[in-house]
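One structure is given here, and the rest of the page talks about it.
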Number of protein chains: 2
Amino acid sequence: MANIRDIAKATGYSVSTVSRVLNNYPYVDEAKRKRVLQVIKELNYVPNHVARNLSYGKTNNIGVIIPYTNHPYFDQLLSGITEMAFEHHYKVTLLPTNYDAKIEQAYLEEFAAKSFDGLIITSRSNSLPHLLSFKKYGSLVFCEKLPHRQGPCVYIDREHALAEGIRYLQDQGVQHLGVTLGRHSRISYTSKVTIEAVQRFYPNFDVEQDIYWNCLDPIMGYDAGQYFYKHGFDGILTNTDLVAAGVLKAYPTQKHPKIVGRDNLIVSDLLQIPTIDNHLKQCGEQAFELFYQEKSDQIRIPYKFILR
Amino acid sequence: MANIRDIAKATGYSVSTVSRVLNNYPYVDEAKRKRVLQVIKELNYVPNHVARNLSYGKTNNIGVIIPYTNHPYFDQLLSGITEMAFEHHYKVTLLPTNYDAKIEQAYLEEFAAKSFDGLIITSRSNSLPHLLSFKKYGSLVFCEKLPHRQGPCVYIDREHALAEGIRYLQDQGVQHLGVTLGRHSRISYTSKVTIEAVQRFYPNFDVEQDIYWNCLDPIMGYDAGQYFYKHGFDGILTNTDLVAAGVLKAYPTQKHPKIVGRDNLIVSDLLQIPTIDNHLKQCGEQAFELFYQEKSDQIRIPYKFILR
DNA sequence: CCTTGCTAAGAAACGCGTTTCATACATTAT
DNA sequence: ATAATGTATGAAACGCGTTTCTTAGCAAGG
């Protein structure tokens, strides 16, 4: 493959002149410009992007740390990021961690090594101070509320969103409330907030008996539903619409519990499940914007409780 | 930010020695190795990945040309690619085209410019010969059946998969078959195959009246369903489970048509919609493997018709 | 006629690692 | 004792664009 020096040689002009043609500088003789372009075509020359990036010190690439794809929560976030990145001529590189702190660490090092112009952290496995120590290498945007002035972030007002969902269940007369949550091994911040919110409305809520952990999809939701049905739960607060759908499936149709889903997924519309829409796509868009505008704002994305 | 020459200067050793330490070469004096590592730590030095890539002529990055994310078909494909890439220490960069040939072209040029070690084309907007002309710049893997010996690809046996779905509908006694399809502006290969397959089983199939175009999600599926219900269609072949779910919603529960979905999405399980599972995740995995193993095979991924 | 300013274009340095080549000493084999 | 290996390390070239610095021709302004 030809490089810029080959083109210089073939045309008889200098490397600088070729570079000037490539970058549309003024002050290049029209005849020479044409000749250069012609030779470029003849030799099938394409400027090496990596070399360019090295020279510019910039890659136009943003990394997104994400546990995994193909999960509605993260896919929505990702689609917001991707769309916005696209508009600003950035590319998005997926950095799946599977919640492994070691892998996350490896990505952070690649970031420090200038592989990406920025990093959006949709969910993290290392401690916040550790992650923040990488700020010196470039711009980091978090998808969680950071302590004041610690850097750019977008976040959801989970507390109020959950409160509204739980109040709805209470208003519907729910006596025995069950809750589905995700990973039990490393309990997420969201799970913690959920438990606290529920306890405020249901003081007798039993953390041991009334939570069904490790719910991520309808299959696990179905398991949860069987448990809840057997034990006479009449209201369920779920961690995502997918799980809500599974839960409902486990109850006989006439005995459906009051339920609240999350993420406003298509299923919740199809099955008429009330849901908390956290506008994740918008979160993703804003996260990218924060990176792009080099702002250090803390943006709260409004949620919306959708009654069906 | 320090670079390798700074480290060389600070230690008093040569750049080569520092590089040897970084790359775990044998034949470096133990004391020097330690000293180098110490200085690296002190100066907070991280080797520049872009420079390394330039030197190696390799990025460990694969690009995935995709119309958009957040669509079940592509997200499944993507999750297969991402998982496999992860296992082989590759990163995945998303290249959304929105079916715009110009944008696709831009990505192809970036590929030629060595931004990626390979390209997986999940769907394309330019002509096949045009895309194939980029083979000289690196390895291209297609997610569609290529003409013999034209390069690596994974594909689905759509013809047989569809035939099985349509035969099922016929066996169920469907008289008036409706079909939902995607984009009408640039009709996809899949759409063409679908029409041909239907015509084989239903010789009177009317391309004008019996197809509802531009169906991508349940909303559009609902529209299609209203049309089909109004005109007395008793069987629907849909282009994805999401659309199937929408179609059903438009029919009164007692009058549900016979229906066949696609992609084996969670909704189809929840709503008991028979579906054609094309094992898209597996497609993605195999596509990456073809790239990684530098094979030029044509891999057919078996489909599965799932009765409910 | 001389200065200022614009157009044009090349040499060389720069961004930053990796790798080849060359050198030199210390062993070990013959 | 000598040739052949093995260990250790530096200088310089390389991968490939971009950018700064310099030089230089030529026209307009004073």
Side-chain angles (χ1 to χ4, degrees), chain A residues 1-41 43-61 109-117 137-138, chain B residues 1-37 39-40 43-61 109-117 137-138:
Chain A
M1 284 292 91
N3 64 35
I4 197 170
R5 277 160 242 264
D6 294 330
I7 305 297
K9 227 171 275 169
T11 53
Y13 313 137
S14 74
V15 168
S16 331
T17 299
V18 178
S19 178
R20 290 193 183 100
V21 171
L22 289 169
N23 294 285
N24 292 311
Y25 268 63
Y27 309 151
V28 177
D29 181 81
E30 197 48 35
K32 292 188 181 174
R33 153 170 275 125
K34 279 203 178 131
R35 174 75 188 133
V36 167
L37 289 174
Q38 188 197 341
V39 171
I40 283 177
K41 203 161 228 172
L43 298 191
N44 237 310
Y45 166 66
V46 183
N48 184 310
H49 228 277
V50 180
R52 240 177 187 167
N53 287 344
L54 175 61
S55 193
Y56 288 139
K58 188 169 182 278
T59 62
N60 262 61
N61 205 286
E109 280 162 20
E110 272 201 60
F111 170 62
K114 306 261 172 255
S115 279
F116 317 107
D117 295 348
Y137 298 108
Chain B
M1 283 291 93
N3 64 35
I4 197 169
R5 277 159 241 263
D6 294 330
I7 305 297
K9 226 170 274 169
T11 54
Y13 312 137
S14 74
V15 168
S16 332
T17 299
V18 177
S19 178
R20 290 192 183 101
V21 171
L22 289 170
N23 293 286
N24 292 311
Y25 268 63
Y27 308 152
V28 177
D29 182 80
E30 196 49 35
K32 291 188 183 176
R33 152 170 275 126
K34 280 202 177 133
R35 176 72 187 133
V36 167
L37 290 174
V39 171
I40 283 178
L43 297 191
N44 238 310
Y45 167 64
V46 184
N48 183 310
H49 228 276
V50 181
R52 242 178 186 166
N53 287 343
L54 174 61
S55 192
Y56 288 139
K58 188 172 185 273
T59 62
N60 263 62
N61 206 285
E109 279 161 22
E110 272 201 59
F111 171 62
K114 305 261 171 256
S115 279
F116 319 107
D117 296 347
Y137 299 109

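So you know, we letter chains A, B, ... as the sequences are listed, proteins then strands, and number each from 1. Worth knowing before you read on, the calculation uses all heavy atoms, side chains too, and leaves out hydrogens, waters and symmetry mates.
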Partners meeting side-chain hydrogen bond (donor to acceptor under 3.5 Å, both in side chains) with Asn48(A) (sequence neighbours left out): none
Sequence-distant partners of Ser55(A), side-chain hydrogen bond (donor to acceptor under 3.5 Å, both in side chains), two or more places apart: none
Enumerate donor-acceptor pairs with a distance under 3.5 Å from any side-chain N or O in residues 2-12 of chain B to protein atoms, sequence neighbours excluded.
unit_1, atom_1, unit_2, atom_2, d
Asn3(B), OD1, Arg5(B), N, 2.8
Asn3(B), OD1, Asp6(B), N, 3.0
Asp6(B), OD2, Asn3(B), N, 2.9
Thr11(B), OG1, Ile7(B), O, 2.9
Thr11(B), OG1, Ala8(B), O, 3.0
Thr11(B), OG1, Tyr13(B), N, 3.2

Asn44(B): side chain to side chain contact (heavy atoms under 4.5 Å, CB included) partners, not counting sequence neighbours: Lys136(A), Tyr137(A)
Angle by which the axis turns from one end of the helix from dC1(C)-dG30(D) to dT30(C)-dA1(D) to the other, five pairs per end, to 10 degrees: 40°
Listed partners of Asp29(B) passing side chain to side chain contact (heavy atoms under 4.5 Å, CB included), at least two apart: Ala31(B), Lys32(B)
Polar side chain donor-acceptor pair, Ser19(B) to Ser16(B), under 3.5 angstrom: no
Rounded distance (Å) that lies between atom P of dG10(D) and atom CD1 of Ile7(B): 15 Å
Residues which pass side-chain hydrogen bond (donor to acceptor under 3.5 Å, both in side chains) with Asn61(B), listed by chain and number, not counting sequence neighbours: Thr93(B)
Sequence-distant partners of Glu109(A), side chain to side chain contact (heavy atoms under 4.5 Å, CB included), two or more places apart: Gln105(A)
Per-nucleotide protein contact string for nucleotides 14-28 of chain C (B base, S sugar-phosphate only, - none; heavy atom under 4.0 Å): -BBBBBB--------
Thr17(A) side-chain N/O to dA9(C) phosphate OP1/OP2 under 4.0 Å: no
side-chain hydrogen bond (donor to acceptor under 3.5 Å, both in side chains) partners of Arg20(A), counting only residues at least two apart: none
Those residues that, when tested against Tyr45(A), pass ring pair (Phe, Tyr, Trp, His ring centres under 6.0 Å) (two or more places apart): none
Can you pull every protein N or O that's under 3.5 Å from an N or O on nucleotides 6-8 of chain C?
unit_1, atom_1, unit_2, atom_2, d
dT7(C), OP2, Tyr27(A), OH, 2.0

